[in-house]
Amino acid sequence: VQLQASGGGAVQAGDSLRLSCSSSERTFSRVVAAWFRRAPGKEREFVGGIACNRDFTEYADSVKGRFTVTKDNADNKVYLQMDALKPEDTAIYYCAVTRDCWYSGTLDRASNYDSWGQGTLVTVSS
């Protein structure tokens, strides 16, 4: 399954960006979707996720209150709204989806996701 992530760029600390993820092969209303990121020299980490029920979301502590994951079923896209960006948010951001609405445990488990996008780079300067 191909996922296309876009919206990355270079911004200043305090700015906002919105990343989007689309797919021609998955209907986002029928899957769990999440965003992960990999910063230079670090392991990949969970950022935020949204269940099939769009009312349920989870976030990493480092982004709570600043980042928001949403689904747009009409456009079949998943978004990551990033506000109050910090230099430590600099990373390649990946979207990922499950095969269906089922997932094990919590949304931050990478093993739940069977399809991953190619990543989009976000660079935040101070």
Side-chain angles (χ1 to χ4, degrees):
V1 174
Q2 283 195 328
L3 300 174
Q4 295 81 41
S6 62
V11 297
Q12 299 284 326
D15 285 351
S16 297
L17 272 178
R18 189 178 75 160
L19 307 183
S20 65
C21 179
S22 62
S23 174
S24 60
E25 301 168 63
R26 286 280 165 90
T27 301
F28 285 118
S29 62
R30 300 175 185 173
V31 299
V32 179
W35 291 90
F36 289 76
R37 68 186 181 187
R38 187 190 299 275
K42 294 188 177 181
E43 297 290 317
R44 183 181 62 193
E45 65 175 356
F46 171 78
V47 175
I50 184 167
C52 283
N53 174 357
R54 291 178 291 175
D55 290 335
F56 183 75
T57 56
E58 289 184 13
Y59 296 95
D61 288 343
S62 59
V63 306
K64 277 181 184 176
R66 299 188 299 121
F67 290 11
T68 305
V69 181
T70 57
K71 286 184 183 179
D72 186 327
N73 291 341
D75 290 342
N76 197 39
K77 290 185 178 181
V78 175
Y79 297 102
L80 178 65
Q81 177 66 41
M82 305 186 293
D83 298 319
L85 282 161
K86 303 175 181 180
E88 50 264 44
D89 295 319
T90 294
I92 299 174
Y93 285 73
Y94 302 88
C95 59
V97 298
T98 57
R99 191 180 304 275
D100 51 35
C101 287
W102 184 88
Y103 63 95
S104 175
T106 51
L107 298 182
D108 61 348
R109 292 185 180 182
S111 58
N112 280 318
Y113 304 94
D114 74 324
S115 297
W116 295 76
Q118 82 286 0
T120 185
L121 177 63
V122 173
T123 303
V124 185
S125 57
S126 57

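When reading the values below, keep in mind they use all heavy atoms of this one structure, side chains included, and skip hydrogens, waters and symmetry mates. Keep in mind the model is a prediction, meaning the values are calculated, not measured.
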A.B. asks: Hydrophobic clusters here meaning ILVMFWY residues chained together by side-chain heavy-atom distances under 4.5 Å, can you tell me if Phe56 and Tyr113 are in one?
C.D. replies: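 Yes, Phe56 and Tyr113 fall within the same hydrophobic cluster.
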A.B. asks: Supply the atom-to-atom distance Lys77 NZ to Ser20 OG, rounded to the nearest 0.5 angstrom.
C.D. replies: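 One finds 5.0 Å between NZ of Lys77 and OG of Ser20.
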A.B. asks: Can you name the side chain to side chain contact (heavy atoms under 4.5 Å, CB included) partners of Thr27, sequence neighbours left out?
C.D. replies: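 With neighbours one apart ignored, the set is Ser29, Arg30, Asn76.
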A.B. asks: Just distance, no hydrogens or angles: give the donor-acceptor pairs under 3.5 Å from side chains in residues 100-107, sequence neighbours left out.
C.D. replies:
{"residue": "Asp100", "atom": "OD1", "partner": "Trp102", "partner atom": "N", "Å": "2.9"}
{"residue": "Ser104", "atom": "OG", "partner": "Arg109", "partner atom": "NH1", "Å": "3.0"}
{"residue": "Thr106", "atom": "OG1", "partner": "Asp108", "partner atom": "OD1", "Å": "2.4"}

A.B. asks: Which distance, rounded to the nearest 0.5 Å, do you find between the CG of Asp15 and the CG of Asp89?
C.D. replies: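 With rounding to 0.5 Å, CG (Asp15) is 11.5 Å from CG (Asp89).
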A.B. asks: How far does CZ of Phe36 sit from SG of Cys95, to the nearest 0.5 angstrom?
C.D. replies: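 The CZ atom of Phe36 sits 11.0 Å away from the SG atom of Cys95.
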A.B. asks: Rounded to the nearest 0.5 Å, what separates atom CD1 in Ile50 from atom CD in Glu58?
C.D. replies: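 One gets 11.5 Å once the value is rounded to the nearest 0.5 Å.
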A.B. asks: Give the minimum heavy-atom separation between Thr90 and Ala39, together with the two atoms involved.
C.D. replies: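 Nearest heavy atoms, Thr90 then Ala39: O-CB, 3.5 Å.
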A.B. asks: For Tyr59 and Gly48, work out which heavy atoms get closest and say how close.
C.D. replies: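 Of all heavy-atom pairs spanning Tyr59 and Gly48, the closest is CD2-CA, 4.0 Å.
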A.B. asks: Sequence neighbours left out, what passes salt bridge (Lys or Arg N to Asp or Glu O under 4.0 Å) with Asp114? Give chain and number order.
C.D. replies: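 For Asp114 the salt bridge (Lys or Arg N to Asp or Glu O under 4.0 Å) partners, ignoring immediate neighbours, are Arg26, Arg99.
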A.B. asks: Side-chain contact test, heavy atoms from C-beta onward, threshold under 4.5 Å: evaluate it for Val47 versus Leu80 and give yes or no.
C.D. replies: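 They are in side-chain contact.
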A.B. asks: For Cys52 versus Lys71, what's the shortest heavy-atom pair and its separation?
C.D. replies: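 Closest approach of Cys52 to Lys71, heavy atoms only: CA-NZ, 3.5 Å.
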A.B. asks: Looking only at side-chain N and O atoms, does Ser16 offer a donor or acceptor that is under 3.5 Å from a partner on Asp83?
C.D. replies: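 On atom types as modelled, these side chains qualify, holding a pair under 3.5 Å.
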A.B. asks: Assigning hydrophobic clusters by single linkage (Ile, Leu, Val, Met, Phe, Trp, Tyr; side-chain heavy-atom cutoff under 4.5 Å), is Leu121 placed with Trp116?
C.D. replies: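 Yes, Leu121 connects to Trp116 through the hydrophobic network.
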A.B. asks: Compare every heavy atom of Ser22 with every heavy atom of Phe28, then report the nearest pair and how far apart it is.
C.D. replies: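 Nearest pair, atom of Phe28 first, then Ser22: CE1-CA, 3.7 Å.
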A.B. asks: Students often mix this up, so state it plainly: with edges at 30° and 60°, are the rings of Tyr93 and Phe67 parallel, tilted or perpendicular?
C.D. replies: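 Tyr93 vs Phe67 ring planes: tilted.
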A.B. asks: For Gln12 versus Ser126, what's the shortest heavy-atom pair and its separation?
C.D. replies: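 Closest approach of Gln12 to Ser126: OE1-O, 3.7 Å.
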A.B. asks: With sequence neighbours excluded, what pairs up with Arg18 under the side chain to side chain contact (heavy atoms under 4.5 Å, CB included) test?
C.D. replies: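 With sequence neighbours excluded, Arg18 shows a side chain to side chain contact (heavy atoms under 4.5 Å, CB included) to Tyr79, Gln81, given in chain and number order.
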A.B. asks: Are side-chain N/O atoms of Thr120 and Ser6 paired as donor and acceptor at under 3.5 Å?
C.D. replies: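 No, no side-chain donor-acceptor pair sits under 3.5 Å.
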A.B. asks: Is it true that a side-chain atom of Glu25 and a backbone atom of Gln2 form a donor plus acceptor pair closer than 3.5 Å?
C.D. replies: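 Yes; at least one donor-acceptor contact below 3.5 Å.
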A.B. asks: Just jot down the side chain to side chain contact (heavy atoms under 4.5 Å, CB included) partners of Arg38, sequence neighbours excluded, or say none.
C.D. replies: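 Side chain to side chain contact (heavy atoms under 4.5 Å, CB included) list for Arg38, sorted by chain: Arg44, Tyr94.
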A.B. asks: So how far is it from Gln118 CD to Ile92 CD1, rounded to the nearest 0.5 Å?
C.D. replies: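 Separation between the atoms: 10.0 Å.
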A.B. asks: To the nearest 0.5 Å, what is the distance between CH2 (Trp35) and CZ (Phe46)?
C.D. replies: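 Trp35 CH2 to Phe46 CZ: 12.5 Å, rounded to 0.5 Å.
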A.B. asks: With sequence neighbours left out, what residues match Ser62 under side chain to side chain contact (heavy atoms under 4.5 Å, CB included)?
C.D. replies: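 Counting only residues at least two positions away or on another chain, Ser62 forms a side chain to side chain contact (heavy atoms under 4.5 Å, CB included) with Arg37, Ala60.
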A.B. asks: Are side-chain heavy atoms of Met82 and Arg66 found at a separation under 4.5 Å?
C.D. replies: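 No, every pair of side-chain atoms sits at 4.5 Å or beyond.
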A.B. asks: Are Asp61 and Lys64 within salt-bridge range, i.e. N to O under 4.0 Å?
C.D. replies: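 Result for this pair is yes, salt bridge flagged.
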A.B. asks: Using atom types as modelled and distance alone, determine if a side-chain donor or acceptor of Lys86 lies under 3.5 Å from a backbone N or O of Ala13.
C.D. replies: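 Checked: no pair found.
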A.B. asks: Are the side chains of Val122 and Leu17 in contact, using a 4.5 Å heavy-atom criterion?
C.D. replies: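 Yes, at least one pair of side-chain atoms sits under 4.5 Å.
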A.B. asks: More than 12 heavy atoms of other residues, nucleotides or ligands under 6.0 Å from CD of Gln4: yes or no?
C.D. replies: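 Correct, the count exceeds 12.
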